[in-house]
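The block underneath contains the structure these notes are about, expressed in structure tokens.
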Number of protein chains: 2
Amino acid sequence: MSSTHTHSKKSQSLTKNQRIVLDLLQNSGEPLKAYFILDSLKKEGLNSPLQVYRALDKLVELGKIHKIESINSFIICNNSNCASNTAFTICERCGKVKEIKNKYLTDGVSDLVKDNKLEITRYNLEFYVLCKSCKIN
Amino acid sequence: MSSTHTHSKKSQSLTKNQRIVLDLLQNSGEPLKAYFILDSLKKEGLNSPLQVYRALDKLVELGKIHKIESINSFIICNNSNCASNTAFTICERCGKVKEIKNKYLTDGVSDLVKDNKLEITRYNLEFYVLCKSCKIN
DNA sequence: CCTCTAAGTGTTATATTATTACATACGTGA
DNA sequence: TCACGTATGTAATAATATAACACTTAGAGG
Ligand SMILES: [Zn+2]
Ligand SMILES: [Zn+2]
Ligand SMILES: [Zn+2]
Ligand SMILES: [Zn+2]
């Protein structure tokens with residue numbers, strides 16, 4: 001390490017807007033909506049929807065967050081390596097969202113996809129459930 | 001036909017708005033957006049977004065159409081029995097959408113779900129692909 | 001250091017998607 | 001007939017997302 005070449009600086013560094021949006025999602029752990037993010041980060045200097053959407057787009061592209069399509073929300077990736085392949089459970093009662101990191105499920109889906117000759121570039125799987133605490137009550 | 005009894009009318013009969021929206025989706029076969037539907041059916045008497053959304057909601061509930069979440073569009077169900085469990089491929093290049101009716105895939109997903117002790121009430125799977133004609137060109 | 005370029009920023013305005021609220025109509029069953 | 005559930009029509013508004021344009025910054029390479 002610490003060799004002469006200075007490359008790959010870019011790949012590690014997020015811009016200020018990207019960073020504060022990522023931090024908020026990280027600290028929240030929950031899915032957040034773009035305009036909620038905007039409101040939350042007004043004090044940090046974010047003024048317009050576009051600033052939020054641009055940061056979100058980039059973070060999605062980098063695989064650091066995911067968009068949950070059916071609720072128009074964004075959540076931190078807790079999986080670190082799912083690229084653009086995502087799977088979530090969403091509680092139909094309380095709205096709680098969990099990223100599925102069960103290897104067997106995601107591998108299984110990949111296998112099914114291969115077996116069925118679907119050439120998938122990426123996928124988004126949203127499973128609606130009744131979560132444990134909602135099941136009890 | 002035209003017998004005396006009038007029962008079970010309700011279960012078969014859609015209202016006028018529901019019918020014209022369903023017919024449009026049926027004839028199209030493609031995913032359509034709510035406001036496109038509205039524009040298309042102005043001449044049939046639809047005047048407001050709400051009329052469209054109400055019809056769409058009902059048709060989704062009846063399982064006659066599906067919403068494709070990642071493109072905010074609605075498409076006729078070509079499967080007739082998928083209830084609220086849906087699976088689609090979406091071409092990333094041309095946007096073409098196909099409902100997956102491959103029994104092995106959907107059964108496989110169900111099995112995976114069972115094996116992984118996920119109590120799913122329904123699911124929505126969106127697979128992004130490069131479709132055949134886009135692959136060639 | 002200088003210049004070029006890709007990426008990001010800030011801002012305003014606008015487009016697109018969806019719901020709230022409220023008054024009215026209509027069919028079914030008690 | 002009355003109550004009830006469902007659908008309707010309409011206006012207003014909320015929520016989500018993008019277009020357009022001028023400007024800035026950071027890194028690559030000479
Ligand atoms: Zn992830
Ligand atoms: Zn729950
Ligand atoms: Zn279907
Ligand atoms: Zn295609």
Side-chain angles (χ1 to χ4, degrees), chain A residues 3-25 31-62 64-75 95 124 126, chain B residues 4-25 31-62 64-75 95 97 124 126:
Chain A
S3 63
T4 54
H5 53 267
T6 57
H7 71 260
S8 83
K9 198 55 148 308
K10 203 162 195 176
S11 60
Q12 336 166 348
S13 64
L14 299 176
T15 66
K16 181 200 159 225
N17 288 356
Q18 290 159 11
R19 169 55 56 195
I20 62 178
V21 169
L22 181 63
D23 285 349
L24 181 64
L25 286 165
L32 301 181
K33 287 171 172 279
Y35 277 72
F36 175 89
I37 293 171
L38 176 56
D39 286 344
S40 303
L41 297 179
K42 282 261 167 71
K43 52 185 171 315
E44 313 287 340
L46 284 195
N47 292 305
S48 84
L50 199 43
Q51 292 174 301
V52 175
Y53 281 108
R54 286 198 281 224
L56 289 170
D57 285 351
K58 189 63 183 183
L59 292 169
V60 166
E61 186 189 324
L62 295 174
K64 294 187 179 301
I65 67 173
H66 302 300
K67 180 172 188 182
I68 304 169
E69 296 288 353
S70 63
I71 54 173
N72 299 314
S73 299
F74 299 84
I75 193 169
N124 177 52
E126 302 187 1
Chain B
T4 54
H5 56 264
T6 56
H7 71 258
S8 79
K9 198 58 147 302
K10 201 161 194 175
S11 60
Q12 339 165 345
S13 64
L14 299 176
T15 66
K16 182 202 158 224
N17 288 355
Q18 291 159 12
R19 170 55 56 196
I20 61 178
V21 169
L22 182 63
D23 284 349
L24 181 63
L25 286 165
L32 301 181
K33 287 172 172 277
Y35 277 73
F36 175 88
I37 293 171
L38 176 56
D39 286 344
S40 302
L41 297 178
K42 282 262 167 70
K43 51 185 172 314
E44 313 286 341
L46 285 194
N47 292 305
S48 83
L50 197 44
Q51 293 174 301
V52 174
Y53 281 109
R54 285 198 282 225
L56 289 170
D57 286 349
K58 189 64 183 182
L59 294 169
V60 166
E61 186 189 324
L62 295 174
K64 295 188 178 300
I65 66 173
H66 302 299
K67 180 172 188 184
I68 304 170
E69 297 287 354
S70 63
I71 56 173
N72 299 314
S73 299
F74 300 84
I75 192 168
V97 169
N124 177 52
E126 303 186 1

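In the text below, chain A, chain B and the rest are named by the order of the sequence lines, each starting its count at 1.
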Taking the minimum atom-to-atom distance to the side chain of [X], which one of [options] wins?
X	options	value
B:Y53	D:dT16, D:dA11, C:dT17	C:dT17
A:P49	D:dA17, C:dT11, C:dT19	D:dA17
A:N17	D:dA11, C:dA18, C:dT9	C:dT9
B:K58	D:dA7, C:dT12, D:dT10	D:dA7
B:R54	D:dT10, C:dG10, D:dT16	D:dT10
B:T15	C:dT12, D:dA17, D:dA7	D:dA7

Determine whether a donor-acceptor pair (N or O, by modelled atom type, separation under 3.5 Å) exists between the side chain of [X] and the backbone of [Y].
X	Y	value
B:N47	B:G45	yes
A:E126	A:E69	yes
B:K64	B:K58	no

Protein-nucleotide distance ([X], atom [atom1]; [N], atom [atom2]), rounded to Å:
X	N	atom1	atom2	value
B:L32	C:dT17	CG	C1'	15 Å
A:L41	C:dT9	CG	P	13 Å
B:N72	D:dT18	CG	C1'	13 Å
B:K42	D:dG9	NZ	P	14 Å
A:E61	C:dA6	CD	P	16 Å
A:Q51	D:dC23	CD	P	17 Å
A:F74	D:dA15	CZ	C1'	13 Å
A:E69	C:dA18	CD	P	12 Å

- Atom CZ of A:F74 and atom CG of A:L24: how far apart are they, to the nearest 0.5 Å?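 Between atom CZ of A:F74 and atom CG of A:L24 there are 12.5 Å.
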
When you measure from the side-chain N and O atoms of [X] to the phosphate of [N], is any distance below 4.0 Å, counting only OP1 and OP2?
X	N	value
A:N47	C:dT11	yes
B:K16	D:dT6	no
A:K33	D:dT16	yes

- Message: By nearest heavy atom, map A:L50 and A:F36 onto DNA chain D; which one lands nearer the 5' end?
- Response: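 Nearest nucleotide further toward 5': that of A:F36.
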
- B:L56 and B:V21, any side-chain heavy atoms less than 4.5 Å apart: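 SC-SC contact between B:V21 and B:L56 confirmed.
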
- Is there a donor on the side chain of A:Y35 or the base of D:dA14 sitting less than 3.5 Å from an acceptor on the other?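 It does not, because no donor-acceptor pair links the side chain of A:Y35 to the base of D:dA14 below 3.5 Å.
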
